[in-house]
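Here is the structure we will look at, set down as structure tokens.
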Amino acid sequence: MFDVLIIGAGFSGSVLAERFASSGKKILVVERRRQVAGNCFDEIDANGILIHKYGPHLFHTDDEKIWKYLSRFTPWQIYFHRVAALVDGKPVPLPFNLNTLREVFPKNLADKLEAALLKNFEYGKKIPILELKKSADAELQFLADFVYEKIFLHYTQKQWSLPPEKISGAVTARVPVFVGRDDRYFNDRFQAVPKFGYTRLVENILDHKNIKLLLNTDCREIMTLRDGEIFLFGKNFFGRMIFTGQLDELFEKKFGELPYRSVKMKFETIDAENFQPAPTVNYPNNFDFTRITEFKKIHPAKTSRTTILKEFPQNFVAGENEPYYPIFTDEARALYEKYFSELTKYKNITAAGRLAEYRYFDMDDAVGRALEIFDALTK
Ligand code: UDP
């Protein structure tokens with residue numbers, strides 16, 4: 001009946017469903033939640049503001065192919081994300097850049113540090129903090145220590161419960177020190193939010209006559225794996241299965257639990273038109289939460305109130321909260337590899353997406369990867 005079985009209706013699963021459906025295959029998409037769009041899910045709240053239920057999602061990509069693909073399913077609202085970090089009680093532009101330098105240091109010192117940066121690095125360069133820390137130049141040493149202490153160390157400790165050195169350098173490199181004056185959080189060519197939200201965008205991707213969507217269904221209710229074979233509704237399934245969930249769950253945690261980091265999302269209504277100076281304000285040092293996002297500043301709404309979201313990082317506990325971030329330690333990677341080699345015993349199953357591939361995919365990465373997987377499977 002079905003040619004392709006897809007577990008999970010986030011970006012990865014939905015894009016693969018659409019690609020296969022458009023090539024004439026019959027698809028069954030099975031989603032545990034009552035709604036599609038995975039952690040990009042958004043909805044209008046009681047204040048009339050479009051909020052991102054699982055934390056702020058800002059679309060950005062440098063890849064025109066991905067941009068064009070998604071543009072078939074949504075009109076966009078051009079949007080450049082801006083983040084301020086609270087440093088010594090003052091909101092300053094993040095990523096730390098030449099403007100930030102002038103906000104946190106007196107002019108003489110800022111001039112000196114800017115000169116040192118420009119002497120050592122090309123204008124426009126992005127320097128990961130852990131790389132800047134290795135600098136031999138005394139002035140850059142001073143700057144690196146300052147930025148490390150004020151922006152990275154305590155935020156990362158809160159976010160991951162690990163110091164920056166204990167996780168993959170690629171994680172903190174996402175927010176580099178920027179030798180330039182661009183205050184935008186991302187520099188990609190294409191930056192926007194879907195005009196009617198991510199949920200609508202994903203619904204549109206899935207809206208295809210060849211796609212059957214089963215919500216509110218754990219895949220284990222309809223599918224089992226045994227000795228390299230897939231059983232769907234009790235019968236041997238010979239089609240392709242795409243799995244976008246956690247591999248440890250797929251294999252009943254036989255090697256133990258794969259660690260993920262979770263976040264407690266606390267939404268609050270503020271009885272004022274405006275709450276903070278930027279769409280997101282990071283709190284690298286103060287308070288238990290890492291950041292506050294004010295959604296009205298992302299999706300403008302005419303209301304006298306405003307909705308904010310505080311993010312409190314915590315350990316992921318199955319059944320209690322949501323897995324958001326794979327944890328990039330050597331141990332976690334090794335455990336993932338064990339599950340992955342278990343998966344390779346099933347020739348018809350492909351892992352796709354942030355959870356299943358245990359990767360720090362942004363939305364555009366997830367879409368790009370799904371398109372790549374489709375090409376590889378249909379070559
Ligand atoms: N980070 C930090 N301080 C900040 C912002 C980011 O130390 O003010 C580090 C932290 O380790 C974080 C990583 O950089 O997990 C990536 O940040 P990003 O904003 O990309 O995280 P996401 O939006 O994916 O949660």
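Counting starts at 1 for both ligands and their atoms, in listed order.
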(request) Just need the protein heavy atom nearest to atom 1 (N) of ligand 1, so name the residue and atom and give the distance. (result) Y155 CD2, 3.6 Å
(message) Return the closest protein heavy atom for atom 4 (C) of ligand 1 as residue, atom name and distance.
(response) N282 ND2, 3.4 Å
(request) May I ask you to identify the nearest protein heavy atom to atom 15 (O) of ligand 1, giving residue, atom name and distance to one decimal place in Å? (result) W160 NE1, 2.8 Å
(request) Measure the distance from atom 24 (O) of ligand 1 to every protein heavy atom, then report the residue, atom name and distance (to 0.1 Å) of the closest one. (result) Y360 OH, 2.6 Å
(message) Can you name the atoms of ligand 1, numbered from 1 with element, that are less than 4.0 Å from a heavy atom of R291?
(response) 19 (O), 22 (P), 23 (O), 25 (O)
(message) Would E268 and K266 count as a salt bridge (charged side-chain N to carboxylate O under 4.0 Å, His left out) here? Give the steps.
(response) CA-CA 7 Å; E268 290 175 21; K266 198 164 168 277; 3.1 Å; yes
(request) For residues Y69 and F73, establish whether the separation of their ring centroids is below 6.0 Å. (result) yes
(request) Classify the angle between the aromatic ring planes of W67 and W76 as parallel (below 30°), tilted (30 to 60°) or perpendicular (above 60°). (result) parallel
(message) Regarding atom 3 (N) of ligand 1: of the candidates I151, L153, L162, which has the closest heavy atom?
(response) I151
(request) Would you tell me which option among V147, T172, V171, V281 has the nearest heavy-atom contact to atom 16 (C) of ligand 1? (result) V171
(request) For the pair Y360 and F328, name the ring-plane relationship: parallel under 30°, tilted 30 to 60°, perpendicular over 60°. (result) parallel
(message) Over 60° means perpendicular and under 30° means parallel, so tell me whether F289 and F287 are parallel, tilted or perpendicular.
(response) parallel
(request) Just need the protein heavy atom nearest to atom 17 (O) of ligand 1, so name the residue and atom and give the distance. (result) V175 CG2, 3.5 Å
(message) To check your reading of the model: name the closest protein heavy atom to atom 19 (O) of ligand 1, its residue, and the distance in Å.
(response) Y185 OH, 2.5 Å
(message) Return the closest protein heavy atom for atom 20 (O) of ligand 1 as residue, atom name and distance.
(response) R174 NE, 2.8 Å
(message) Using heavy-atom distances only, which candidate in V87, L58, T293, T156 approaches atom 7 (O) of ligand 1 most closely?
(response) T156
(request) Would you please classify the geometry between the Y358 ring and the Y336 ring as parallel, tilted or perpendicular, with 30° and 60° separating the classes? (result) parallel
(message) Can you name the atoms of ligand 1, numbered from 1 with element, that are less than 4.0 Å from a heavy atom of Q159?
(response) 15 (O)
(request) With the side chain counted from C-beta on, respond yes when P176 and I127 share a heavy-atom pair under 4.5 Å apart, and no when they do not. (result) no
(request) Please state which part of Y324 comes within less than 4.0 Å of ligand 1, counting heavy atoms only: side chain, backbone, both or neither. (result) neither
(message) Under 4.0 Å from a heavy atom of Y325: which atoms of ligand 1 are those, numbered in the order shown and with their elements?
(response) 22 (P), 24 (O), 25 (O)
(request) I would like to know whether R72 and E18 meet salt bridge (charged side-chain N to carboxylate O under 4.0 Å, His left out); could you show each step before the answer? (result) CA-CA 12 Å; R72 291 167 42 196; E18 183 282 323; 3.5 Å; yes
(message) So L86 and V92, do their side chains get closer than 4.5 Å, heavy atoms only?
(response) no
(request) Decide, yes or no, whether a salt bridge links D362 with R174 under the criterion of side-chain N to carboxylate O below 4.0 Å. (result) yes
(message) For the 3.5 Å polar cut-off, considering only N or O atoms, please tell me whether I167 and ligand 1 meet it.
(response) no
